[in-house]
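Side chains included, hydrogens not; waters and symmetry mates left out as well; all remaining heavy atoms used.
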Amino acid sequence: AYNIPFAGRLKGALDARVLERSINEIVRRQEALRTVFKTVDGQPVQLILPELSVALPVVDLRGFDEGEREAEAARLVNEEAQIPFDLSRAPLLRIRLLRLGDEDHTLLVTMPHIITDAWSMGVFFRELPVIYDAVNGGGRPPLPELPVQCADYAVWQREHLSDEALAGQLEYWERELTGAPTLLELPTDRPRPPVQTFNGVRHAVDIPLEVAGALGALSQREGVTLFMTLLAAFNVLLYRYTGQEDILVGSPVATRGQAETQSLIGFFINTLVFRTRLHGNLTFRELLARVRETCLGAYAHQD
């Protein structure tokens, strides 16, 4: 449930050995990719390995017919995403290269969520081509050494959240969530299962360019972010289906307020709850102002 898999298609000439060396340079740079989690005296402890080398297995699919080749690649991508990790054993990074043609490859990268997030995967795939080009040309990657690592951030966070600071954060959420409903009564075409399964799908919706532009213009006029506008609209939709005037929506946010964390691979996201009260026969603009205050309050107390 907590694997983060990624499959990227690579077109053009590719040297698998250079790619493996490039990935290991990222492992050297990023302590999170050299971290395992052991149990010591009944408590979980993160252990950062001083060095670690990961292998890049290559699976050659060129022997398959073209149609079968894509199907086999899709099967391997799905299979790779489902394999669990033992968090006490390194590496917590699994890579595999599928060779579909002489200049057509798919790179599979899978990590457990405890050492990465979506932002981190962006960091990984920004650094990879820069390092690959340098290694392939016999040079050194033009990337500065990282000033801090995830463990440094963890220490700072613990020091920052002193008893007084933590008390203020908790007081806000206790006040904000008092009397909150525990369930959104969405009408469904079948009963809720007695045991939650976590099965689900992702449904993509394309918003026309002119609508997206109008939403951006509305957000600018009202002094809100596009996220706030879309959250307000989502709340209206949920109210339309449920009739409930007290709605809570959870959303992950990237807690990377310090500039030094921007280039780190690690688990930095935090799930915030946004509680919107829709009572009072509001206009959409009034609701938008209410959502804005809700979001700003949550952001200010996200620790």
[X] side chain to [Y] main-chain N or O, any donor-acceptor pair under 3.5 Å?
X: D60; Y: R62; value: yes
X: T39; Y: G42; value: no
X: K38; Y: S88; value: yes
X: Q220; Y: A217; value: no
X: E31; Y: V148; value: no
X: D15; Y: R17; value: yes
X: Q244; Y: E185; value: yes
X: N235; Y: L231; value: yes
X: W119; Y: F268; value: no
X: D246; Y: R277; value: no

Next item on the list: Count the heavy atoms belonging to other residues, nucleotides or ligands that lie under 6.0 Å from OH of Y299, then report whether that count exceeds 12.
Entry: yes
Next item on the list: Check the surroundings of atom CG in L209: do more than 12 heavy atoms from other residues, nucleotides or ligands lie under 6.0 Å from it?
Entry: no
[X] versus [Y], closest heavy-atom pair with distance:
X: L248; Y: A180; answer: CD2-CB, 3.9 Å
X: A151; Y: I48; answer: CB-CD1, 4.1 Å
X: L56; Y: L19; answer: CD2-CD2, 3.7 Å

Salt-bridge present ([X], [Y]; N to O < 4.0 Å):
X: E20; Y: R96; value: no
X: D104; Y: R99; value: no
X: E80; Y: R94; value: yes
X: E176; Y: R275; value: no
X: E127; Y: R29; value: yes
X: R75; Y: E79; value: yes

State, yes or no, whether a side-chain contact exists between [X] and [Y] at a heavy-atom distance under 4.5 Å.
X: L87; Y: P112; value: yes
X: T116; Y: M121; value: yes
X: L108; Y: I95; value: no
X: L146; Y: S263; value: yes
X: L264; Y: Q258; value: no
X: T110; Y: F6; value: no
X: L10; Y: Y132; value: no
X: L100; Y: E70; value: yes

Notebook entry, point to check: Using the ring of each side chain (for Trp, its six-membered ring), is Y172 parallel, tilted or perpendicular to H301, with breaks at 30° and 60°?
Noted result: parallel
Notebook entry, point to check: In terms of the angle between their ring planes, are F267 and H113 parallel, tilted or perpendicular, with boundaries placed at 30° and 60°?
Noted result: perpendicular
Check: To the nearest 0.5 Å, what is the distance between CG (L288) and CG (L218)?
Finding: 6.0 Å
Next item on the list: Decide yes or no on side-chain hydrogen bond (donor to acceptor under 3.5 Å, both in side chains) for S120 and R256, but give the supporting numbers first.
Entry: CA-CA 11 Å; S120 299; R256 294 178 184 252; 3.0 Å; yes
Margin query: I'd like to know if the side chain of T229 pairs up with that of S219 as donor and acceptor (distance under 3.5 Å, no hydrogens or angles considered).
Written below: yes
Margin query: If you apply the rule salt bridge (Lys or Arg N to Asp or Glu O under 4.0 Å), what do you find for E51 with R28, and how did you get there?
Written below: CA-CA 7 Å; E51 56 184 41; R28 184 198 68 79; over 6 Å; no
